[in-house]
Amino acid sequence: MMNRTFEIRYTPADTDGGFSFSNMDTEYSATSRYLTRGGKPILPICGEIHFSRCERQDWKRELLKMKECGLTTVANYVFWNHHEQKKGHFRWDGNRDIAAFLRVCREAGMGVFLRIGPWCHGEARFGGFPDWLMPVRGKRKDTPKYLQYVERYWRALYEQVAEFCDGETILGIQLENEYTGTIDHIHTLRRIAERVGFKVPYFTMTSWPTNTPDKSFLQMMGGYPEAPWTQHKRPLEPTGRFAICRGRTEVEIGEDLIKGKREKATFDDFPYTGCEVGTGNQVTQHRRPIISDRDGYGVAFAKFASGMNLMGYYMFHGGRNPRGELLQESRRTFYPNNYPIVDYDFQAPLSKDGVCRAHGDRLRLMHLFINTWDADIARKQTFFSGEAGLPYSSVRCGENTDGYLFIGNYERGEKSVPLDFCAELDGGDSPVVLPELKIAAGEMTFIPFRFQVRGVTFDYVTAQPVARVDRGDRTDLYFMRMERQPVIVSVKGEASLCAEDTFDAGSGVCLHFMDQERALRFHLVNGAPVFCDGTMWTEEDAVYALLGRGQTVTVNGQVHTCSFQEPEDCVRLERIGKVRLPYDYYLYSHGDRGYYRMNLQMEQLREFDDVVLDLRFRGLNLQVFCGGVLVDDYFNTDGVYHLHIRHFRDLLERSGGEILIKTSAPTAHGIGHVYSEIEMKPGFEDLTLESVRPVCLKQIVL
């Protein structure tokens with residue numbers, strides 16, 4: 001039996017922390033524990049999507065997918081070199097049109113945190129600095145010539161976004177990123193931004209590596225499930241990346257560019273807010289971790305369990321670098337890591353092709369809880385047991401000793417085992433008594449205790465709360481079952497074992513229990529449950545779902561699917577002789593090259609929203625060309641490459657459906673030798689077509 005003891009002594013948040021995050025009249029503010037709007041606590045859920053790494057025609061539906069995942073705000077780097085590649089000539093066209101993107105965000109009802117640099121990193125060439133700026137001395141310092149260029153750039157940017165500095169669309173501006181100097185420079189940048197005209201509720205900065213709080217900036221935290229920027233090629237040692245703990249900043253984050261020993265910091269008198277909670281990782285040439293759904297969910301779960309009150313994810317939606325340009329970070333630009341030219345998928349909850357992955361489904365359930373279950377969740381104070389190691393645990397508790405017990409039995413690279421868990425909550429005059437819990441290996445969950453609904457007083461429910469719907473004289477509570485623990489509902493000291501899917505608690509309160517497979521398909525639309533196999537979103541009075549063969553979406557109890565004629569013999573893949581194709585260096589191997597031609601019968605494929613070509617790949621890297629244009633690339637991570645044709649259908653039509661693929665083989669030593677979690681055979685590469693998967697867009701009017 002694993003025992004944890006929590007001493008619950010709730011203290012109200014300091015409502016006047018002396019902060020000066022804003023420079024405008026705004027409804028938004030902050031206490032020492034949480035953000036507020038109109039004086040009420042809020043817990044924003046923010047995910048990174050880069051507008052200039054996403055196709056303009058897809059902005060709206062991708063934002064709505066993020067919203068369907070429970071996000072309330074989005075974040076964006078604004079890469080200087082995407083907009084002023086030629087000195088003095090600014091581009092705001094096409095995918096670079098930030099004003100058009102912000103207009104779509106406003107229409108979708110999603111606020112925005114702009115990360116305007118001027119240095120961003122984001123795995124971009126020179127961290128986002130234009131090539132022409134590189135000879136300038138004293139960059140990222142209070143150097144007059146550098147600051148003159150920064151101000152000129154920001155004035156051009158402000159002309160594009162001025163109308164959105166309305167206190168509702170652009171909610172925050174981050175200045176610089178992972179800054180290694182003194183905070184004086186960040187203050188200089190804020191003065192320039194204000195002189196240019198930027199007005200926002202929150203000026204922000206990354207808290208690492210300085211670990212020096214400054215009340216002029218909302219301090220943003222982060223942490224990732226792995227560290228692909230680490231320069232060695234060995235498995236990482238477990239170091240508490242998934243720990244539920246007091247420490248807010250991570251010692252590993254940014255270590256590719258930040259040198260020197262750093263310690264975790266607490267920032268106890270600041271609200272706990274994040275901008276780089278890693279729900280994935282971008283693979284590097286030399287290091288390729290596979291981010292599982294537990295990895296992609298685990299860091300976010302741990303931060304929320306540790307008291308984070310602005311969930312800020314990097315990346316939430318993957319992307320692609322602009323076509324035809326070398327705007328990725330590489331060692332050729334004297335940065336530590338080599339990245340793909342195009343691919344910026346990041347193994348994110350929503351892939352670069354807009355597919356919701358398993359950790360996106362897991363995160364959606366947590367976000368539904370935050371958005372619907374407890375309006376005071378941000379007020380709840382976090383308490384820790386003081387015990388280190390698995391299982392990690394905490395309690396988020398309100399002043400009435402009502403709250404949630406969090407248990408995380410997962411750490412990447414460390415073996416977890418099933419266990420029996422007992423929590424003792426010392427609540428002073430009113431101790432909380434919880435039952436023993438059976439926790440599965442790898443499980444991350446939380447259970448509610450001491451809560452009231454319509455006059456019904458629950459002592460606890462041994463299942464994870466997902467969503468709450470109030471309508472008229474009825475309240476429905478939705479839960480996800482734990483993996484090993486039976487559902488027990490205790491009301492006023494009387495415990496009931498619930499084997500059924502529903503439990504009537506009386507007074508119009510009904511509890512619904514879902515196993516994990518069903519819960520991960522659960523959506524809430526206008527207060528009604530929807531179950532979807534594919535990726536979905538809603539707009540106005542309709543549900544939209546992307547469905548493949550055999551997939552369904554259930555709305556109002558009615559099962560919907562897509563019926564279509566299966567295309568036959570519509571794709572042919574063959575190995576061919578050497579073809580002259582560009583970017584050979586960026587295959588990062590001195591090993592043999594392979595060349596393949598793929599022909600698509602476009603007349604059979606035009607009716608589909610997308611077609612996914614699943615390719616089994618044994619090799620190091622590959623590049624995909626259509627009409628002479630590099631449209632995608634892939635650093636082999638898991639042995640299966642999914643090529644979506646939707647994003648380059650224009651080129652396919654012009655090329656008559658022809659695709660050329662160039663591959664490279666790994667080597668035993670040197671640049672082609674990498675850390676991989678799949679077996680790679682030196683000197684060998686092979687590509688085979690596994691399947692052709694049409695994807696249909698299904699619209700269901702509500």
Side-chain angles (χ1 to χ4, degrees), residues 45-50 54-55 58-72 74 108 110 225 277-281 290-298 300-301 311 313-320 344-371 466-467 480 514 516-525 529-539 542-555 560-562 609-610 612 614 638 640 642 644 646-647 693-700:
I45 304 170
C46 182
E48 192 98 7
I49 176 174
H50 296 154
C54 184
E55 294 298 319
D58 291 335
W59 284 345
K60 184 174 184 179
R61 81 179 206 168
E62 300 312 306
L63 285 169
L64 291 175
K65 289 176 188 176
M66 295 174 75
K67 191 171 184 177
E68 184 60 31
C69 285
L71 273 66
T72 57
V74 297
M110 301 183 79
V277 176
T279 48
N281 270 123
I290 300 173
I291 302 303
S292 70
D293 61 331
R294 295 187 192 276
D295 295 331
Y297 174 71
F301 170 83
M311 305 300 296
Y313 302 124
Y314 193 98
M315 296 284 294
F316 199 87
H317 196 301
R320 288 181 174 83
Y344 198 68
D345 179 74
F346 219 84
Q347 301 182 70
L350 284 168
S351 76
K352 64 185 178 186
D353 295 293
V355 175
C356 187
R357 292 187 164 113
H359 48 297
D361 291 327
R362 286 181 177 268
L363 286 163
R364 183 180 66 253
L365 299 182
M366 187 172 77
H367 300 158
L368 274 170
F369 165 79
I370 293 170
N371 291 333
V466 172
M480 179 170 67
M514 301 173 284
Q516 296 205 14
E517 182 179 359
R518 184 168 175 77
L520 292 173
R521 300 174 63 242
F522 176 85
H523 298 252
L524 196 64
V525 179
V530 171
F531 296 90
C532 184
D533 293 330
T535 302
M536 66 161 274
W537 67 96
T538 62
E539 184 179 2
V543 168
Y544 295 84
L546 294 170
L547 302 176
R549 62 175 68 94
Q551 292 186 317
T552 65
V553 56
T554 303
V555 181
H560 300 264
T561 188
C562 286
D609 185 82
D610 197 0
V612 186
D614 299 314
D638 59 5
V640 181
H642 306 287
H644 291 245
R646 187 176 189 276
H647 72 95
R693 292 188 288 122
V695 178
C696 289
L697 176 60
K698 184 71 174 182
Q699 177 182 356
I700 302 105

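Just so it is clear, the values below take in all heavy atoms, side chains as well, and ignore hydrogens, waters and symmetry mates. Small disclaimer: the values here were computed from a predicted structure and weren't measured.
Partners of Y297 according to the ring-ring contact (aromatic ring centres under 6.0 Å, His included) rule, which considers only residues two or more places apart in sequence or in another chain, are F301. Taking the side-chain hydrogen bond (donor to acceptor under 3.5 Å, both in side chains) definition, one finds that D533 meets it with R521, T552, sequence neighbours left out. Residues satisfying the ring-ring contact (aromatic ring centres under 6.0 Å, His included) test with H523, not counting sequence neighbours, are none. Remark: F316 engages Y313 in a ring-ring contact (aromatic ring centres under 6.0 Å, His included) (not counting sequence neighbours). Residues that satisfy the ring-ring contact (aromatic ring centres under 6.0 Å, His included) test with F531, not counting sequence neighbours, are F522. By the side-chain hydrogen bond (donor to acceptor under 3.5 Å, both in side chains) test, Q699 is found to be paired with Y544, residues two or more places apart in sequence or in another chain being considered.
Within the 4.5 Å cutoff, no side-chain heavy atoms of C696 are placed close to those of D609. Side-chain contact between V553 and I700: present, with at least one pair of heavy atoms (C-beta onward) separated by less than 4.5 Å. Using a 4.5 Å heavy-atom threshold, the side chains of R61 and E539 count as separate.
The minimum heavy-atom distance linking C46 with L71 is given by the pair C-CD2, 3.9 Å.
Each of H50, E62, E48 was compared with H317 under the side-chain hydrogen bond (donor to acceptor under 3.5 Å, both in side chains) criterion, and only E62 meets it. A side-chain hydrogen bond (donor to acceptor under 3.5 Å, both in side chains) with R646 holds for exactly one of D353, D58, D610; it is D58.
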